[in-house]
Amino acid sequence: MEAAGTGAESGPQDAPVPAAGPDKITELEAKAAECEDRWRRAMADADNVRKRHAAELRAEREAERARVAAAFLPVVDNLELALAHAEADPTAVVQGVLAIRDQAVQLLAGLGYERDAESGVPFDPARHEVVAVVDEPATEPNTVARVVRPGYGTGGGQLRPAAVAVAKPRG
């Protein structure tokens with residue numbers, strides 16, 4: 001027997017390893033094969049879900065495009081009617097085109113893209129794109145003096161910002 005403190009202490013690595021018999025090895029191999037089979041099935045299921053989701057997304061995108069295009073058909077129909085009557089009274093044609101423009105603006109608003117063509121408001125870089133700075137003594141500095149091209153939408157749902165001329169700072 002060895003004396004305590006001689007450095008010959010036993011540790012976990014010195015613990016006896018039970019001998020695995022052929023039955024235990026076969027059992028462990030079967031469990032490993034079962035785990036691998038489950039893993040492969042889970043991977044295949046995940047791949048199928050990904051493919052199904054991608055197909056559903058494509059179908060939904062196509063359906064939404066068709067809904068928007070169908071919503072624009074009355075605008076196109078009314079433009080064709082206006083063109084068919086172009087040789088008639090020019091005043092009536094202009095009124096018809098204005099009505100069609102209003103119809104298109106209402107359609108965009110219905111899709112969540114309100115028209116932004118307001119002048120006299122403070123310049124907001126989230127809503128406006130400056131295309132000119134003008135000297136307008138009657139307008140407050142950094143205020144939209146004139147809308148060059150209307151914008152559509154608000155915040156994160158903006159199709160495009162309004163192109164505006166802004167009153168230059170005094171001084």
Side-chain angles (χ1 to χ4, degrees), residues 32-171:
E34 180 184 347
C35 287
E36 184 176 354
D37 182 57
R38 284 183 173 180
W39 173 77
R40 289 185 189 283
R41 288 175 189 267
M43 293 299 291
D45 285 346
D47 192 45
N48 289 339
V49 167
R50 183 189 57 75
K51 289 175 183 175
R52 185 173 52 248
H53 177 70
E56 289 171 357
L57 191 60
R58 271 192 307 277
E60 185 59 34
R61 190 173 21 246
E62 288 299 317
E64 186 62 26
R65 285 182 62 222
R67 281 191 292 271
V68 171
F72 266 102
L73 286 177
V75 174
V76 173
D77 292 342
N78 287 334
L79 281 170
E80 288 177 351
L81 282 172
L83 289 171
H85 293 92
E87 297 198 14
D89 180 21
T91 308
V93 172
V94 170
Q95 290 173 347
V97 171
L98 287 173
I100 295 167
R101 192 260 336 254
D102 292 343
Q103 182 183 24
V105 169
Q106 287 175 344
L107 175 64
L108 285 169
L111 292 171
Y113 300 105
E114 296 279 334
R115 183 181 176 103
D116 184 9
E118 190 176 14
S119 59
V121 297
F123 169 73
D124 179 359
R127 293 177 44 204
H128 304 121
E129 174 185 348
V130 177
V131 295
V133 177
V134 294
D135 188 15
E136 296 271 339
T139 305
E140 287 292 317
N142 296 322
T143 300
V144 174
R146 158 174 90 251
V147 176
V148 177
R149 183 192 71 217
Y152 289 90
T154 56
Q158 191 175 56
L159 286 176
R160 74 171 184 208
V164 298
V166 176
K168 84 163 80 169
R170 294 185 188 113

Quiz item: Mind checking whether V147 and H128 have side chains closer than 4.5 Å, heavy atoms only?
Solution: no
Quiz item: Are side-chain heavy atoms of L159 and L108 found at a separation under 4.5 Å?
Solution: yes
Quiz item: Say you draw a straight line from CZ of R149 to CG of D116; how long is it, rounded to the nearest 0.5 Å?
Solution: 11.5 Å
Quiz prompt | D47/K51 salt bridge by N-O under 4.0 Å criterion | solution = yes
Self-check item: Closest contact, heavy atoms only, P141 versus P169
Solution: CB-CA, 3.7 Å
Exercise. Inspect the contact between R160 and E129 and indicate whether a charged nitrogen and a carboxylate oxygen are less than 4.0 angstrom apart.
Key: no
Practice problem: Verify the neighbour count for atom CZ of R146: are there more than 12 heavy atoms of other residues, nucleotides or ligands below 6.0 Å? | Solution: no
Practice problem: Check V97 against A82 and note the closest heavy-atom contact, atom names and distance. | Solution: CG2-CB, 4.5 Å
Quiz item: Taking side chain as C-beta onward, heavy atoms only, is E64 less than 4.5 Å from R67?
Solution: yes
Quiz prompt | Closest contact, heavy atoms only, Y152 versus Y113 | solution = CD2-O, 3.7 Å
Quiz item: Is there a side-chain contact between P122 and N142 (heavy atoms, below 4.5 Å)?
Solution: no
Quiz item: Rounded to the nearest 0.5 Å, how far does CZ of R65 lie from CD of E60?
Solution: 13.0 Å
Quiz item: Which distance, rounded to the nearest 0.5 Å, do you find between the CD of Q158 and the CD of E114?
Solution: 13.0 Å
Quiz item: How many angstroms lie between CG in L79 and CD1 in I100, if you round to the nearest 0.5 Å?
Solution: 4.0 Å
Exercise. In plain terms, say whether E36 and R40 are close enough for a salt bridge, that is, a side-chain N and a carboxylate O under 4.0 Å apart.
Key: yes
Practice problem: Could you pull out the closest heavy-atom pair between S119 and A145, with the gap in Å? | Solution: CB-O, 3.9 Å
Exercise. Check whether any side-chain heavy atom of E56 sits under 4.5 Å from a side-chain heavy atom of R52, and report yes or no.
Key: yes
